[in-house]
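Structure first, commentary second.
Here the structure is a predicted model, which means the values were calculated and not measured.
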Amino acid sequence: ANWEYVGANVKNNAGPEQLPEYWTTTFEGISVGFIGAVTDELPSLVSPAGIANLTIQDPVTAANRVADMLSDGDTTNGEADVVFLLVHEGAATPAIESATDPSSRFGRIVLNANANIDAIVSGHTHLAYNHVINGRPVISSGQYGEKFSNMTIQVDPIDKHIISMVNVINTAPGTFADDPTVAGIVSAAVANATTLGSVQLGTVTADFRRGKQSLAAGAGENRGAESTLGNFVADVQLWSAQQNGTAQIAFMNPGGLRADLTLGSDNGVVTFAEAAGVQPFANTLITQDL
(Lines give C-alpha, C1' and ligand atoms only; values in the text may rest on other atoms or scores of the structure.)
Protein backbone atom coordinates (compact mmCIF):
# COMPACT_ATOMS: atom_id res chain seq x y z
CA ALA A 1 0.00 0.00 0.00
CA ASN A 2 1.27 3.47 -0.79
CA TRP A 3 -0.81 5.20 1.88
CA GLU A 4 -0.34 5.49 5.62
CA TYR A 5 -2.15 3.33 8.15
CA VAL A 6 -3.05 5.44 11.18
CA GLY A 7 -4.37 4.49 14.61
CA ALA A 8 -4.27 7.03 17.43
CA ASN A 9 -5.99 4.68 19.89
CA VAL A 10 -3.92 1.58 19.08
CA LYS A 11 -1.11 1.39 21.61
CA ASN A 12 1.75 -1.11 21.82
CA ASN A 13 2.24 -2.45 25.34
CA ALA A 14 5.84 -3.46 24.70
CA GLY A 15 7.99 -1.42 22.36
CA PRO A 16 7.56 1.31 19.77
CA GLU A 17 4.13 2.16 18.39
CA GLN A 18 3.09 0.06 15.43
CA LEU A 19 0.94 2.78 13.89
CA PRO A 20 1.38 6.54 13.58
CA GLU A 21 -1.45 8.53 15.15
CA TYR A 22 -2.01 10.82 12.16
CA TRP A 23 -0.88 11.72 8.66
CA THR A 24 -0.76 15.16 7.08
CA THR A 25 -0.52 16.44 3.54
CA THR A 26 -0.71 19.86 1.89
CA PHE A 27 -3.09 21.03 -0.81
CA GLU A 28 -2.39 24.46 -2.33
CA GLY A 29 -0.84 25.72 0.89
CA ILE A 30 -3.52 24.24 3.16
CA SER A 31 -2.38 21.50 5.55
CA VAL A 32 -4.86 18.65 6.02
CA GLY A 33 -4.48 16.14 8.84
CA PHE A 34 -6.03 12.69 9.09
CA ILE A 35 -6.34 11.07 12.53
CA GLY A 36 -6.96 7.33 12.58
CA ALA A 37 -8.93 5.34 15.15
CA VAL A 38 -10.43 1.87 15.35
CA THR A 39 -13.48 0.70 17.24
CA ASP A 40 -12.78 -0.08 20.88
CA GLU A 41 -14.85 -3.22 20.26
CA LEU A 42 -11.83 -4.64 18.43
CA PRO A 43 -10.85 -7.12 21.20
CA SER A 44 -14.17 -8.91 20.66
CA LEU A 45 -13.95 -8.81 16.85
CA VAL A 46 -10.54 -10.38 16.22
CA SER A 47 -8.50 -13.23 17.62
CA PRO A 48 -7.15 -12.14 21.02
CA ALA A 49 -3.75 -13.59 20.17
CA GLY A 50 -3.48 -11.21 17.22
CA ILE A 51 -3.59 -8.12 19.44
CA ALA A 52 -2.12 -9.56 22.64
CA ASN A 53 0.50 -6.81 22.85
CA LEU A 54 -1.90 -3.98 22.03
CA THR A 55 -4.22 -1.80 24.07
CA ILE A 56 -7.21 -0.30 22.26
CA GLN A 57 -8.02 3.01 23.89
CA ASP A 58 -11.27 4.97 23.77
CA PRO A 59 -11.32 6.29 20.18
CA VAL A 60 -12.79 9.73 20.79
CA THR A 61 -10.45 10.45 23.73
CA ALA A 62 -7.45 9.56 21.57
CA ALA A 63 -8.78 11.52 18.58
CA ASN A 64 -9.40 14.64 20.67
CA ARG A 65 -5.89 14.46 22.10
CA VAL A 66 -4.30 14.31 18.65
CA ALA A 67 -6.66 16.95 17.20
CA ASP A 68 -5.60 19.32 19.97
CA MET A 69 -1.97 18.56 19.20
CA LEU A 70 -2.47 19.35 15.52
CA SER A 71 -4.15 22.63 16.42
CA ASP A 72 -1.90 24.02 19.19
CA GLY A 73 0.40 26.12 17.00
CA ASP A 74 3.44 24.01 17.89
CA THR A 75 5.01 22.89 14.62
CA THR A 76 7.25 20.40 16.40
CA ASN A 77 4.33 18.06 17.08
CA GLY A 78 2.51 18.49 13.76
CA GLU A 79 -0.03 21.06 12.62
CA ALA A 80 -3.05 20.99 10.31
CA ASP A 81 -5.48 23.63 9.09
CA VAL A 82 -8.19 21.02 8.46
CA VAL A 83 -8.52 17.89 10.62
CA PHE A 84 -10.36 14.70 9.67
CA LEU A 85 -11.14 11.82 11.99
CA LEU A 86 -11.03 8.52 10.08
CA VAL A 87 -12.71 6.07 12.44
CA HIS A 88 -13.53 2.39 11.97
CA GLU A 89 -16.85 2.71 13.75
CA GLY A 90 -20.26 3.57 12.39
CA ALA A 91 -23.94 4.21 12.85
CA ALA A 92 -26.38 1.31 13.12
CA THR A 93 -28.78 2.85 10.58
CA PRO A 94 -28.51 5.65 8.00
CA ALA A 95 -30.82 7.82 10.14
CA ILE A 96 -29.23 10.78 11.87
CA GLU A 97 -30.77 9.58 15.14
CA SER A 98 -28.43 6.58 15.07
CA ALA A 99 -25.38 8.79 14.57
CA THR A 100 -26.35 10.88 17.59
CA ASP A 101 -27.49 8.07 19.90
CA PRO A 102 -25.52 8.66 23.12
CA SER A 103 -25.95 5.01 24.12
CA SER A 104 -24.07 3.75 21.05
CA ARG A 105 -20.32 3.64 20.45
CA PHE A 106 -20.57 5.80 17.34
CA GLY A 107 -22.95 8.26 18.96
CA ARG A 108 -20.50 8.85 21.79
CA ILE A 109 -17.76 9.57 19.24
CA VAL A 110 -19.90 12.00 17.25
CA LEU A 111 -21.23 13.82 20.31
CA ASN A 112 -17.88 14.04 22.13
CA ALA A 113 -15.48 14.85 19.29
CA ASN A 114 -14.08 18.27 20.10
CA ALA A 115 -14.11 21.44 18.01
CA ASN A 116 -10.65 20.79 16.55
CA ILE A 117 -12.05 17.84 14.56
CA ASP A 118 -13.60 19.32 11.42
CA ALA A 119 -15.13 16.19 9.86
CA ILE A 120 -15.74 12.54 10.74
CA VAL A 121 -15.35 9.85 8.08
CA SER A 122 -16.64 6.53 9.37
CA GLY A 123 -17.26 2.93 8.34
CA HIS A 124 -17.64 -0.47 10.02
CA THR A 125 -21.42 -0.80 9.62
CA HIS A 126 -21.36 -0.82 5.78
CA LEU A 127 -24.04 1.88 5.52
CA ALA A 128 -24.07 5.07 3.46
CA TYR A 129 -25.02 8.27 5.26
CA ASN A 130 -24.24 11.93 4.79
CA HIS A 131 -25.00 14.04 7.87
CA VAL A 132 -24.05 17.44 9.19
CA ILE A 133 -24.02 17.28 12.99
CA ASN A 134 -23.09 20.31 15.08
CA GLY A 135 -21.90 21.95 11.88
CA ARG A 136 -19.52 19.09 11.11
CA PRO A 137 -19.80 16.53 8.26
CA VAL A 138 -20.33 12.98 9.57
CA ILE A 139 -20.22 10.59 6.65
CA SER A 140 -19.86 6.99 5.50
CA SER A 141 -19.66 5.81 1.90
CA GLY A 142 -21.27 2.42 2.39
CA GLN A 143 -19.50 -0.75 1.32
CA TYR A 144 -17.48 -2.53 -1.35
CA GLY A 145 -16.88 0.53 -3.51
CA GLU A 146 -20.56 0.75 -4.43
CA LYS A 147 -20.55 4.45 -3.50
CA PHE A 148 -17.95 7.13 -2.99
CA SER A 149 -17.88 10.50 -1.30
CA ASN A 150 -16.69 13.76 -2.76
CA MET A 151 -16.10 16.46 -0.18
CA THR A 152 -15.51 20.01 -1.38
CA ILE A 153 -13.68 22.11 1.19
CA GLN A 154 -13.18 25.88 0.98
CA VAL A 155 -10.51 27.38 3.20
CA ASP A 156 -9.51 31.04 3.45
CA PRO A 157 -5.89 31.10 2.20
CA ILE A 158 -4.98 34.01 4.47
CA ASP A 159 -6.21 33.09 7.93
CA LYS A 160 -6.73 29.39 7.09
CA HIS A 161 -10.24 29.20 8.60
CA ILE A 162 -12.73 26.83 6.96
CA ILE A 163 -15.37 28.58 4.87
CA SER A 164 -17.41 25.49 3.97
CA MET A 165 -17.30 21.70 3.81
CA VAL A 166 -19.89 20.09 1.53
CA ASN A 167 -20.00 16.33 1.02
CA VAL A 168 -21.84 14.45 -1.73
CA ILE A 169 -22.21 10.66 -1.90
CA ASN A 170 -22.20 9.28 -5.42
CA THR A 171 -23.16 5.81 -6.60
CA ALA A 172 -20.38 4.17 -8.55
CA PRO A 173 -21.43 3.28 -12.10
CA GLY A 174 -22.02 -0.42 -12.71
CA THR A 175 -19.43 -1.83 -15.06
CA PHE A 176 -21.04 -5.18 -15.84
CA ALA A 177 -24.19 -3.66 -17.34
CA ASP A 178 -22.33 -2.85 -20.56
CA ASP A 179 -21.18 -6.45 -20.99
CA PRO A 180 -24.13 -8.62 -22.05
CA THR A 181 -22.33 -11.84 -21.15
CA VAL A 182 -21.60 -10.74 -17.59
CA ALA A 183 -25.04 -9.14 -17.25
CA GLY A 184 -26.63 -12.45 -18.28
CA ILE A 185 -24.63 -14.38 -15.68
CA VAL A 186 -25.64 -11.94 -12.96
CA SER A 187 -29.29 -11.98 -14.00
CA ALA A 188 -29.42 -15.78 -14.00
CA ALA A 189 -27.71 -15.95 -10.60
CA VAL A 190 -30.15 -13.46 -9.08
CA ALA A 191 -33.12 -15.39 -10.49
CA ASN A 192 -31.74 -18.68 -9.17
CA ALA A 193 -31.07 -17.18 -5.75
CA THR A 194 -34.61 -15.82 -5.63
CA THR A 195 -36.03 -19.27 -6.38
CA LEU A 196 -33.85 -21.10 -3.86
CA GLY A 197 -34.29 -18.39 -1.27
CA SER A 198 -38.08 -18.59 -1.38
CA VAL A 199 -38.08 -22.20 -0.15
CA GLN A 200 -39.88 -22.44 3.20
CA LEU A 201 -37.86 -23.80 6.12
CA GLY A 202 -40.52 -23.47 8.80
CA THR A 203 -42.63 -20.96 10.67
CA VAL A 204 -42.39 -18.74 13.72
CA THR A 205 -45.23 -17.58 15.94
CA ALA A 206 -43.39 -14.60 17.41
CA ASP A 207 -40.49 -12.31 16.56
CA PHE A 208 -36.92 -13.39 17.29
CA ARG A 209 -34.88 -10.21 17.61
CA ARG A 210 -31.32 -9.17 18.35
CA GLY A 211 -30.31 -7.10 21.38
CA LYS A 212 -30.64 -3.32 21.07
CA GLN A 213 -28.75 -0.42 22.59
CA SER A 214 -32.00 0.90 24.03
CA LEU A 215 -35.78 0.67 23.60
CA ALA A 216 -35.86 3.94 21.65
CA ALA A 217 -37.04 3.82 18.06
CA GLY A 218 -34.12 3.42 15.68
CA ALA A 219 -31.71 2.31 18.41
CA GLY A 220 -28.80 0.29 17.09
CA GLU A 221 -28.04 -3.34 17.78
CA ASN A 222 -26.15 -4.29 20.94
CA ARG A 223 -23.49 -6.88 20.16
CA GLY A 224 -22.89 -7.51 23.84
CA ALA A 225 -26.46 -8.37 24.72
CA GLU A 226 -28.37 -11.58 25.25
CA SER A 227 -31.34 -11.83 22.90
CA THR A 228 -34.16 -14.15 21.93
CA LEU A 229 -32.57 -14.58 18.50
CA GLY A 230 -29.14 -15.35 19.93
CA ASN A 231 -30.55 -17.92 22.32
CA PHE A 232 -32.58 -19.50 19.53
CA VAL A 233 -29.54 -19.79 17.25
CA ALA A 234 -27.49 -21.32 20.08
CA ASP A 235 -30.29 -23.83 20.75
CA VAL A 236 -30.31 -24.80 17.07
CA GLN A 237 -26.53 -25.19 17.09
CA LEU A 238 -26.71 -27.38 20.18
CA TRP A 239 -29.41 -29.54 18.61
CA SER A 240 -27.37 -29.90 15.42
CA ALA A 241 -24.17 -30.79 17.27
CA GLN A 242 -26.01 -33.43 19.29
CA GLN A 243 -27.17 -35.29 16.19
CA ASN A 244 -23.72 -36.85 15.77
CA GLY A 245 -22.12 -36.24 19.15
CA THR A 246 -22.59 -35.44 22.80
CA ALA A 247 -22.33 -31.66 22.86
CA GLN A 248 -23.50 -30.15 26.15
CA ILE A 249 -23.49 -26.41 25.47
CA ALA A 250 -23.41 -24.06 22.48
CA PHE A 251 -22.04 -20.55 22.10
CA MET A 252 -23.28 -17.88 19.70
CA ASN A 253 -21.46 -14.64 18.88
CA PRO A 254 -24.06 -11.82 18.94
CA GLY A 255 -22.12 -9.93 16.26
CA GLY A 256 -22.79 -12.76 13.84
CA LEU A 257 -26.53 -12.05 13.95
CA ARG A 258 -27.11 -9.68 11.04
CA ALA A 259 -30.91 -9.55 10.81
CA ASP A 260 -33.97 -10.16 12.97
CA LEU A 261 -36.29 -13.09 12.32
CA THR A 262 -39.80 -11.66 12.40
CA LEU A 263 -43.37 -12.63 11.67
CA GLY A 264 -43.49 -10.27 8.73
CA SER A 265 -46.47 -10.17 6.39
CA ASP A 266 -46.52 -13.88 5.55
CA ASN A 267 -47.94 -15.28 8.80
CA GLY A 268 -44.55 -16.26 10.18
CA VAL A 269 -43.24 -18.26 7.22
CA VAL A 270 -39.45 -18.51 7.41
CA THR A 271 -37.69 -18.86 4.06
CA PHE A 272 -34.16 -19.96 3.29
CA ALA A 273 -33.30 -16.36 2.34
CA GLU A 274 -34.59 -15.03 5.67
CA ALA A 275 -32.63 -17.61 7.64
CA ALA A 276 -29.50 -16.91 5.60
CA GLY A 277 -29.94 -13.21 6.28
CA VAL A 278 -29.74 -13.88 10.01
CA GLN A 279 -26.39 -15.66 9.61
CA PRO A 280 -24.99 -14.72 6.19
CA PHE A 281 -21.45 -16.00 6.74
CA ALA A 282 -19.89 -19.26 5.68
CA ASN A 283 -19.01 -20.15 9.26
CA THR A 284 -18.68 -23.82 10.23
CA LEU A 285 -20.20 -25.33 13.35
CA ILE A 286 -17.58 -27.28 15.31
CA THR A 287 -17.42 -29.14 18.61
CA GLN A 288 -14.49 -28.94 20.97
CA ASP A 289 -13.56 -30.20 24.44
CA LEU A 290 -12.89 -27.37 26.89
Side-chain angles (χ1 to χ4, degrees), residues 41 44-47 90-95 98 123-129 140-147 171-172 174-177 179-213 217-288:
E41 202 176 16
S44 66
L45 299 177
V46 302
S47 170
T93 77
S98 290
H124 190 45
T125 52
H126 293 214
L127 299 174
Y129 44 83
S140 171
S141 298
Q143 61 182 0
Y144 309 136
E146 295 169 351
K147 300 178 184 295
T171 299
T175 55
F176 71 85
D179 186 328
T181 300
V182 176
I185 293 172
V186 172
S187 178
V190 169
N192 189 44
T194 300
T195 300
L196 295 175
S198 65
V199 174
Q200 180 176 345
L201 293 183
T203 60
V204 294
T205 58
D207 291 346
F208 287 84
R209 295 188 178 275
R210 296 167 291 175
K212 298 178 66 176
Q213 293 287 352
E221 61 178 305
N222 182 348
R223 295 189 176 184
E226 182 181 10
S227 67
T228 54
L229 183 60
N231 287 336
F232 173 64
V233 169
D235 286 343
V236 172
Q237 292 176 338
L238 181 60
W239 170 86
S240 179
Q242 288 175 339
Q243 301 311 297
N244 297 298
T246 58
Q248 296 168 285
I249 192 170
F251 294 93
M252 178 56 206
N253 161 33
L257 303 172
R258 294 307 178 113
D260 297 328
L261 195 61
T262 62
L263 284 169
S265 59
D266 52 5
N267 297 317
V269 170
V270 178
T271 65
F272 187 92
E274 290 172 327
V278 171
Q279 291 186 282
F281 308 108
N283 292 339
T284 302
L285 179 65
I286 66 166
T287 58
Q288 184 178 15

Correct closest heavy-atom pair for G256 and P280 would be O-CD, 4.3 Å

Nearest heavy-atom approach of F272 to L196 is CB-O, 3.7 Å

Is the side chain of T194 donor-acceptor paired with the backbone N or O of V190 at a distance under 3.5 Å, no angle test? yes

Name all residues meeting the salt bridge (charged side-chain N to carboxylate O under 4.0 Å, His left out) criterion together with R258; count only those two or more places apart in sequence or in a different chain, and write none if there are none. none

Over all heavy atoms of both residues, which pair between S227 and L257 is shortest? Give the atoms and the distance, please. OG-CD1, 4.1 Å

Closest heavy-atom contact between V204 and L261? CG1-CD2, 4.3 Å

Tell me whether T125 contacts the main-chain N or O of A91 through its side chain, where contact means a donor paired with an acceptor under 3.5 Å. yes

Should the pair H126 and Y144 be assigned to parallel (<30°), tilted (30 to 60°) or perpendicular (>60°) ring geometry? perpendicular

Do the side chains of H124 and L45 get nearer than 4.5 Å, heavy atoms only? yes

Between G123 and S140, what is the shortest heavy-atom contact and its length? CA-OG, 4.1 Å

Rounded to the nearest 0.5 Å, how far apart are OG1 of T271 and CG of D266? 7.5 Å

Go through the steps for L229 and R209 under the test side-chain contact (heavy atoms from CB on, under 4.5 Å), then give the verdict. CA-CA 5 Å; L229 183 60; R209 295 188 178 275; 5.6 Å; no

Pair K147-T171, side-chain contact (heavy atoms from CB on, under 4.5 Å): steps then yes or no: CA-CA 4 Å; K147 300 178 184 295; T171 299; 3.1 Å; yes

Note: Y129 and T93 closest approach over all heavy atoms is CD2-O, 4.3 Å

To the nearest 0.5 Å, what is the distance between CD on E274 and CD on Q200? 9.5 Å

Check: Q213 side chain, E221 main-chain N or O, donor-acceptor pair, under 3.5 Å: yes

With rounding to the nearest 0.5 Å, note down the distance linking CG in D207 to CG in L263. 5.0 Å

List the atom pairs, donor and acceptor, that lie under 3.5 Å between side-chain atoms in residues 235-250 and the rest of the protein, sequence neighbours left out.
unit_1, atom_1, unit_2, atom_2, d
Q242, NE2, A247, O, 3.0
Q243, NE2, W239, O, 2.7

